Structures are given as C-alpha cells and as structure tokens.
Chemist: 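Here's a structure for you.
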Amino acid sequence: LQRGGSPSAYDRVLSTEMGSYAGQLAREGKHGITVAIDGVRLTYNALNEIAGRTKFVPHDHELITVAKSLGVSFGDERPYQFN
C-alpha cells in the first residue's frame, strides 16, 4: 500500500516496527521476502508467491463505498448520459 501526505505518528511507529522486523528476518537469513501487516500482527510474504498477482477488493467493500461517497473515481462508473 502506498499512501500520500505527511506521515502520522502511527505511520512513523509502524515503519519503525516493520524496519526492525525486516532486520530481524535478514539476520535469520530470510531473503526474497517482504514485510506485511495482517491486522495488528507483523508477518512476511515470499516475493515469488506474491509478485505479479493482483489482489482484488470487492466492489461493495466499505472503504470503496466511502471513497466513492467522497467523490473518488475508480474509472468503473458509467459516464453521465445527457438527454
């Protein structure tokens, strides 16, 4: 996930935790992986298992609904038809 804007305190703490976890994994000799967060738990994924895969979000997901209500366009809406 990539986000824009200034980092919040949460962003700074999370990135520190993820960086520390990545260092721990490297010390353990685990390479070719990416650090991830699953709920509140740090984990990792093998790059060869996730590279090139598309992760789809359901059209009716709460965050999609909220984003659309704020005017975010996902390019899936039909253009308005003038009569």
Side-chain angles (χ1 to χ4, degrees):
L1 174 69
Q2 180 177 343
R3 297 176 1 167
S6 298
S8 67
Y10 174 81
D11 296 328
R12 294 171 195 266
V13 170
L14 179 60
S15 63
T16 300
E17 290 176 332
M18 293 178 90
S20 175
Y21 186 56
Q24 174 188 335
L25 293 170
R27 282 190 303 276
E28 293 173 6
K30 294 181 179 165
H31 303 283
I33 58 175
T34 182
V35 174
I37 187 166
D38 183 9
V40 296
R41 183 178 69 90
L42 290 178
T43 186
Y44 62 91
N45 299 303
L47 289 174
N48 63 354
E49 293 178 7
I50 62 171
R53 289 183 34 205
T54 302
K55 183 175 180 182
F56 293 97
V57 177
H59 291 282
D60 61 348
H61 190 281
E62 180 182 2
L63 292 177
I64 300 294
T65 303
V66 169
K68 287 183 176 183
S69 75
L70 295 172
V72 174
S73 173
F74 291 87
D76 61 345
E77 297 88 8
R78 286 195 202 153
Y80 182 76
Q81 298 291 321
F82 292 98
N83 293 327

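Hydrogens, waters and symmetry mates play no part in the numbers below; they use all other heavy atoms, side chains included. As the structure is a prediction and not an experimental result, all values here were calculated from the model.
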Chemist: Verify the cluster assignment for L25 and I37: are they in a single hydrophobic cluster under the rule of side-chain heavy atoms below 4.5 Å apart?
Modeler: yes
Chemist: Sub-3.5 Å donor-acceptor pair from the side chain of S20 to the main-chain atoms of T16, do we have one?
Modeler: no
Chemist: How close do S6 and D11 get, counting heavy atoms only, and between which atoms?
Modeler: O-OD2, 4.3 Å
Chemist: State the CG-CD1 distance between N45 and I33, to the nearest 0.5 angstrom.
Modeler: 9.0 Å
Chemist: Output a table of donor-acceptor pairs, distance under 3.5 Å, between side-chain atoms of residues 55-69 and any protein atom two or more places apart or on a different chain; print 'none' if there are none.
Modeler:
from: H61; atom 1: ND1; to: L63; atom 2: N; distance (Å): 3.0
from: T65; atom 1: OG1; to: H61; atom 2: O; distance (Å): 3.2
from: K68; atom 1: NZ; to: D76; atom 2: OD2; distance (Å): 3.2
from: S69; atom 1: OG; to: V66; atom 2: O; distance (Å): 2.6

Chemist: Just checking Y44: does its OH atom have more than 12 heavy atoms from other residues, nucleotides or ligands closer to it than 6.0 angstrom?
Modeler: no
Chemist: Taking L14 as the starting point, is it possible to reach V35 by hopping between hydrophobic residues whose side chains are less than 4.5 Å apart?
Modeler: yes
Chemist: In Å and rounded to the nearest 0.5 Å, what is the CE to OG1 distance from M18 to T34?
Modeler: 7.0 Å
Chemist: Taking all non-hydrogen atoms of both residues into account, name the closest pair between R12 and P7 and its distance.
Modeler: NH2-CG, 3.5 Å
